[in-house]
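Down below is the structure, laid out as structure tokens.
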2 protein chains.
Amino acid sequence: MLQDAIQPRESWAPPVLPSAGTDHLPSTAFTLRHHQHLARSGERPDHLHQILQGWAGRYRLLSDGRRQITGLYLPGDLCDPCWLDGGRAVQSVVALTPIQASRTSRREMESQAANDVALMKFLWRQTQFTQQIQAEWLVNLGRKNAIERLSHLLCELYTRLSSAGAADQKSCDMPLTQLDLADLAGLTPVHVNRTLQEMRSMQLIELQSRRLTIMDWESLRRIAWFDPAYLAVRSARDSFQAAA
Amino acid sequence: MLQDAIQPRESWAPPVLPSAGTDHLPSTAFTLRHHQHLARSGERPDHLHQILQGWAGRYRLLSDGRRQITGLYLPGDLCDPCWLDGGRAVQSVVALTPIQASRTSRREMESQAANDVALMKFLWRQTQFTQQIQAEWLVNLGRKNAIERLSHLLCELYTRLSSAGAADQKSCDMPLTQLDLADLAGLTPVHVNRTLQEMRSMQLIELQSRRLTIMDWESLRRIAWFDPAYLAVRSARDSFQAAA
DNA sequence: CGAGCTGTTGACGATTTTCAAATTTAGTGG
DNA sequence: CCACTAAATTTGAAAATCGTCAACAGCTCG
């Protein structure tokens, strides 16, 4: 097969750029295979992408091979507002699964945003959202041990997918390999493996066949010190706008 | 003394909000003492602050006492654009030294930004700058050991202060305690102490009396894997604007 | 079926934390 | 200025956490 198959588990409609539907901001659908790049460090990307299906990751590689994934782009996420205004991509973004996305010219997006308050607010919110997640990850990496980090990561992923309508009651997709998890959590793959086994033996989660099931949300949340407030930026800001 | 003395080592003029000078965006100077807060988690701050002198830190506290500092506000920095649009402060911001700052009403700033492209770009840039730094810190915390983390932190601080004109050839202020450094680097104060001693014995740095001197920049940079590209966002964006 | 990625296991080593205490430095009030 | 107190730095020993290395099993995909 020339192209990896993309098989969503459920019929699911991703959110759409606020202006893309109404004002017809031109965008083109395209697909990427696992390990292909949406941007490389040092480039000046001339397109922004909205992920429709699949997961992408922003990362930095040290020249001795150490890799840290510094951000995840899930379906509905915009990749990446920080390339606006002609900025260079400081870090690379790669497809962690096969990906389907829509691509919009950076210049079109910029000129549209200058006149379109809704789009501007969407970009601003998306940026703030990314920043809040990063700040929370700093706490994770700086102050938590392996089981706390992985628990938090799973809590966050489930919550983000859930609020995008891409999770069911207790389970969601989890296409990341243990190597990906290690590069997210700042651990070695070996230690991720052992910690996941511990979490399974504690009846916290099931994780197999690229599918996560959360058996005991309350315990997982407590172990992770997970407080979803930092993820509320997107929705909370909307309700404020509505109230004002 | 009712108020901590603020004694800058050198005469130094902080950068000014692009519109504050020309369009007379109203702002009031004020001071804060060590350990006083600029914002507390959960609040809806109604002012933005530009730091004029002193350092502030954004942090999160876990209820068992672990603290992670997730951002530093140095002289010239804006604290914090993410409170615009009525957003709540997810994390707290506290003065790490006595502080002198200017305060501008959030609503004034918002309405001004809607009409003032230069201010808007300034806010956007400041936000991107913060995000790039955070992404780099994720690499630090996730993939580097103690000496690499501390070296990187010192490289970044020196570079930021230097580009603000607040450093001389080989040295700059370093008002952080070893406890602060620990909460920045995700280490214990004890281990910070031992690692700093190692760095001193390697003739990399001198650090005493709240003053840092970098003895061997090239070695420090190499150990830290420090590549200042991620700090170039502010200036690079300007030169691009100028070129376009 | 064969190659390569992914997950798993064990033994061992390195880094970092914890705990407790001593020492130095800085700040405060007399 | 000195005395006193609190904060900050330093030290040592033992333990916990996590990483490294090496090997093997299972699975997927061409």
Side-chain angles (χ1 to χ4, degrees), chain A residues 1-7 33-35 62 64-68 94-98 140-151 174-201 205-212 223, chain B residues 1-7 33-35 62 64-68 94-98 140-151 174-201 205-212 223:
Chain A
M1 229 186 312
L2 266 180
Q3 190 142 302
D4 294 339
I6 295 175
Q7 293 292 345
R33 301 172 61 179
H34 195 189
H35 295 149
L62 302 186
D64 67 347
R66 283 179 279 182
R67 180 177 77 149
Q68 178 67 40
V94 71
L96 299 173
T97 70
N140 252 0
L141 294 178
R143 286 306 182 205
K144 296 187 196 163
N145 63 24
I147 193 172
E148 293 170 322
R149 288 185 207 178
L150 286 175
S151 298
M174 242 304 298
L176 303 178
T177 67
Q178 293 184 359
L179 179 60
D180 294 327
L181 291 174
D183 288 339
L184 276 161
L187 301 168
T188 57
V190 172
H191 201 58
V192 166
N193 182 283
R194 295 191 169 123
T195 306
L196 287 178
Q197 287 179 53
E198 188 190 349
M199 294 171 69
R200 283 190 270 246
S201 78
I205 59 166
E206 284 177 359
L207 181 53
Q208 52 185 311
S209 313
R210 314 287 115 159
R211 188 83 188 164
L212 166 70
I223 290 172
Chain B
M1 230 183 309
L2 268 180
Q3 190 140 304
D4 295 339
I6 295 176
Q7 293 291 346
R33 299 172 63 179
H34 195 189
H35 294 150
L62 301 186
D64 67 347
R66 282 179 280 181
R67 180 176 77 150
Q68 177 67 42
V94 70
L96 299 173
T97 71
N140 252 359
L141 296 177
R143 287 304 183 206
K144 296 189 196 163
N145 63 21
I147 192 172
E148 292 171 323
R149 290 187 206 179
L150 286 174
S151 298
M174 243 303 298
L176 304 177
T177 67
Q178 293 184 1
L179 180 60
D180 294 329
L181 291 175
D183 288 340
L184 276 161
L187 300 167
T188 57
V190 172
H191 200 58
V192 166
N193 182 282
R194 294 194 231 264
T195 306
L196 286 178
Q197 286 180 54
E198 188 189 350
M199 291 170 70
R200 283 189 270 247
S201 77
I205 60 166
E206 283 176 0
L207 181 53
Q208 52 187 306
S209 315
R210 316 285 112 160
R211 188 84 188 162
L212 165 71
I223 290 171

(message) Test of understanding: with side-chain hydrogen bond (donor to acceptor under 3.5 Å, both in side chains), list the residues that count as partners of B/Glu206, not counting sequence neighbours.
(response) none
(message) Among residues at least two apart in sequence or on other chains, which ones pass side-chain hydrogen bond (donor to acceptor under 3.5 Å, both in side chains) with A/Glu148?
(response) A/Trp225, B/Arg66
Give the rounded distance in Å between these two atoms: [atom1] of [X] and [atom2] of [N].
X: B/Glu198; N: C/dT15; atom1: CD; atom2: C1'; answer: 11 Å
X: B/Arg149; N: C/dT17; atom1: CZ; atom2: C1'; answer: 12 Å
X: A/Asn145; N: D/dG19; atom1: CG; atom2: P; answer: 11 Å
X: B/Leu187; N: D/dC18; atom1: CG; atom2: P; answer: 14 Å
X: B/Arg66; N: D/dT17; atom1: CZ; atom2: C1'; answer: 13 Å

(message) If the helix axis at each end comes from five base pairs, how far does the helix from C/dC1-D/dG30 to C/dG30-D/dC1 deviate from straight, to 10°?
(response) 60°
(request) Would you please name every residue forming a side chain to side chain contact (heavy atoms under 4.5 Å, CB included) with B/Asn193, sequence neighbours left out? (result) B/Gln178, B/Gln197
(request) For B/Thr195, enumerate each residue passing the side chain to side chain contact (heavy atoms under 4.5 Å, CB included) test, keeping only those at least two apart in sequence or located in another chain. (result) B/Ala146, B/Ile147, B/Leu150, B/His191, B/Met199
(message) Measuring from atom CG of B/Leu141 to atom CZ of A/Arg143, what distance do you get when rounded to the nearest 0.5 angstrom?
(response) 9.0 Å
(message) To the nearest 0.5 Å, what is the distance between CG on B/Leu176 and CZ on B/Arg210?
(response) 8.5 Å
(message) Against B/Asp180, only a single residue in B/Leu96, B/Thr97, B/Val192 fulfils side chain to side chain contact (heavy atoms under 4.5 Å, CB included); can you say which?
(response) B/Leu96
When you compare the protein's N or O atoms with those of nucleotides 12-14 of chain C, which come within less than 3.5 Å of each other, and at what distance?
none

(message) Run B/Ile205 and B/Leu196 through side chain to side chain contact (heavy atoms under 4.5 Å, CB included) and show every step you take.
(response) CA-CA 9 Å; B/Ile205 60 166; B/Leu196 286 178; 4.2 Å; yes
(request) Write down the atom of A/Gln68, the atom of A/Leu184, and the distance for their closest heavy-atom approach. (result) NE2-O, 3.1 Å
(request) Sequence neighbours left out, what pairs pass salt bridge (charged side-chain N to carboxylate O under 4.0 Å, His left out) with at least one residue falling in residues 191-201 of chain A? (result) none
(message) Walk along nucleotides 6-12 of chain D from 5' to 3' and tag each nucleotide B, S or - by protein heavy-atom contact under 4.0 Å, base first, then sugar-phosphate.
(response) --SSBBB
